[in-house]
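Here's the structure we're looking at; comments come further down.
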Number of protein chains: 2
Amino acid sequence: MAASTRFCVAVHILASLALQRGKPVASEEIAASVGTNPAVVRRLLSDLASAGLTQSQLGKGGGAMLAKAPKKISLLEIYRAMDEPAIVAPPRSMPNQTCLVGRNVQPALRRVTEAAEAAFFATLAGASLKQIVKDIKADSMAA
Amino acid sequence: MAASTRFCVAVHILASLALQRGKPVASEEIAASVGTNPAVVRRLLSDLASAGLTQSQLGKGGGAMLAKAPKKISLLEIYRAMDEPAIVAPPRSMPNQTCLVGRNVQPALRRVTEAAEAAFFATLAGASLKQIVKDIKADSMAA
DNA sequence: TATTTATGTAATCAGTCCTATTACGGTTTG
DNA sequence: CAAACCGTAATAGGACTGATTACATAAATA
């Protein structure tokens, strides 16, 4: 699978914005930190803005800014904004419905996987962008 | 992303074996229940055998069987046997190491994502193949 | 022993998704 | 009006999935 790296990059972007405290940051500047193309950053920023996490200022001197305080942005919100697919992907072809197992395995399994995904999300919900920013600063102190 | 469906299919396969109570089941028969190609089933079975969850009998009248009791097979073991990639994929290109954020975001983020993945795995570890089989039977009763 | 049935594995192919890149229209500042 | 910047679409290269075919090997059986 070519797994999506969007979530990690989105966190990187938001952390960069948080460290600028309201000053608009150009997509080109962010892209230089992430190590990717400005258009990629703008595309992610577009999704983050739709989710209400950022806002952009057009025109000269413009750029992206946080729309909420870092403390109020949970990692789950960021994850959701990326519209990632389910962690556990169901089979592509329909199982044989005339078979006892084929008819019932996937619903039975889904009950467990949904609980597991919920546990995953709950952990992300418990961490905020502020914590990430704090960790970034702490790492810089230690070095 | 073309997410992997291997885990769900593997559970389907193992549930089919569990319901046969030790009688070897041919890959063709399993494939008919799953709705896929026998070679796909054999490939998954190969991974499951490597993980010690199944064993195969070659030759005429052969097929696959469980190597352990359903009660002793957790969904986490099955998931691990599929060798799925990490749930949260790190960026492909290295962030700019001369930048405070670029240097430190990913390690900081990883601490949280590892905790989230651990929560996901813990839930899978708490469920066994036996439960799935029981649910399958229960569903058939209800219908 | 020859035949039949099955597994194990490799090779290939089409389809899908991801990221990078280019391009261009629209917006705001100066 | 010119410059800087965003928003979005289109395209291309790479990577991974699952389906399929093929074939060597192993075990049961007549």
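The structure displayed is predicted, hence computed values, not measured ones.
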DNA chain C nearest-nucleotide lookup for A:Arg43 and A:Gly59: closer to the 5′ end is A:Arg43
Answer yes or no: is there a donor N or O on one side and an acceptor on the other, between the side chain of B:Glu77 and the main chain of B:Ser74, under 3.5 Å?
yes
A:Met65 CE to D:dC5 C1', straight-line distance once rounded to whole Å
13 Å
At less than 3.5 Å, do the side-chain atoms of A:Arg42 and the base atoms of D:dG7 form a donor-acceptor pair?
yes
Checking B:Leu45, B:Leu44, B:Leu19, B:Ile78 against B:Leu14 for side chain to side chain contact (heavy atoms under 4.5 Å, CB included), the one that qualifies is B:Ile78
How would you label the contact of A:Ala26 with the nucleic acid (heavy atoms, under 4.0 Å): base, sugar-phosphate, or nothing?
sugar-phosphate
The side chain of B:Ser93 is closest to which nucleotide in this list: C:dA20, D:dG18, D:dT8?
C:dA20
Closest to side chain of A:Ser46, choosing from D:dA19, D:dT8, C:dA20:
D:dT8
Proximity to the side chain of B:Asn37 - top-ranked nucleotide from D:dT20, C:dT22, C:dC18:
D:dT20
Judged by each residue's nearest nucleotide on DNA chain D, which is more toward the 5′ side, B:Thr36 or A:Gly62?
A:Gly62
Taking only the side-chain heavy atoms of B:Leu58 (C-beta and beyond), determine which of D:dG18, D:dC6, C:dG8 contains the nearest atom.
C:dG8
For A:Gln55 and D:dC5, give me the distance from atom CD to atom C1', rounded to whole Å.
16 Å
Find the distance A:Asp47:CG to C:dT19:C1' and express it as a whole number of Å.
14 Å
Nearest of D:dT8, C:dT4, C:dA20 to any side-chain atom of B:Lys60?
C:dT4
So, do B:Leu129 and B:Leu66 sit near enough that their side-chain heavy atoms are less than 4.5 Å apart?
yes
Phosphate contact (D:dG7 OP1 or OP2) by A:Ser56 side-chain N/O below 4.0 Å
yes
Any donor-acceptor N/O pair, B:Gln97 side chain to B:Pro95 backbone, under 3.5 Å:
yes
Using a 4.0 Å heavy-atom cut-off, does A:Glu28 contact any base of the nucleic acid, only the sugar-phosphate backbone, or nothing at all?
nothing
For A:Gln57 and C:dT28, what is the distance between atoms CD and P respectively, to the nearest whole Å?
9 Å
Run the side chain to side chain contact (heavy atoms under 4.5 Å, CB included) check on A:Thr113 and A:Ile87 step by step: do they pass?
CA-CA 9 Å; A:Thr113 60; A:Ile87 296 173; over 6 Å; no
Please report the distance, rounded to the nearest Å, between CD1 in B:Ile30 and C1' in C:dT5.
15 Å
Rounded distance in Å - CD (B:Glu29) to C1' (C:dA6):
13 Å
Out of D:dG18, C:dT9, D:dA28, minimum distance to the side chain of B:Val40 belongs to D:dG18
Phosphate OP1/OP2 of D:dC5: any A:Ser27 side-chain N/O under 4.0 Å:
no
Give a yes/no answer on whether the side chain of A:Thr5 brings an N or O atom under 4.0 Å of OP1 or OP2 in C:dT19.
yes
Report yes if at least one side-chain N or O of B:Ser4 is closer than 4.0 Å to OP1 or OP2 of D:dT17; otherwise report no.
no
Reckon A:Arg6 touches a base, only the sugar-phosphate, or nothing at all at heavy-atom distances under 4.0 Å?
sugar-phosphate
Judged by modelled atom types alone, do B:Arg42 and B:Ser27 share a side-chain donor-acceptor pair under 3.5 Å?
yes
Mind calculating the distance between CZ (B:Arg92) and P (D:dG13) to the nearest angstrom?
16 Å
Can you check the B:Leu45 CG to C:dT7 P distance for me, whole Å?
8 Å
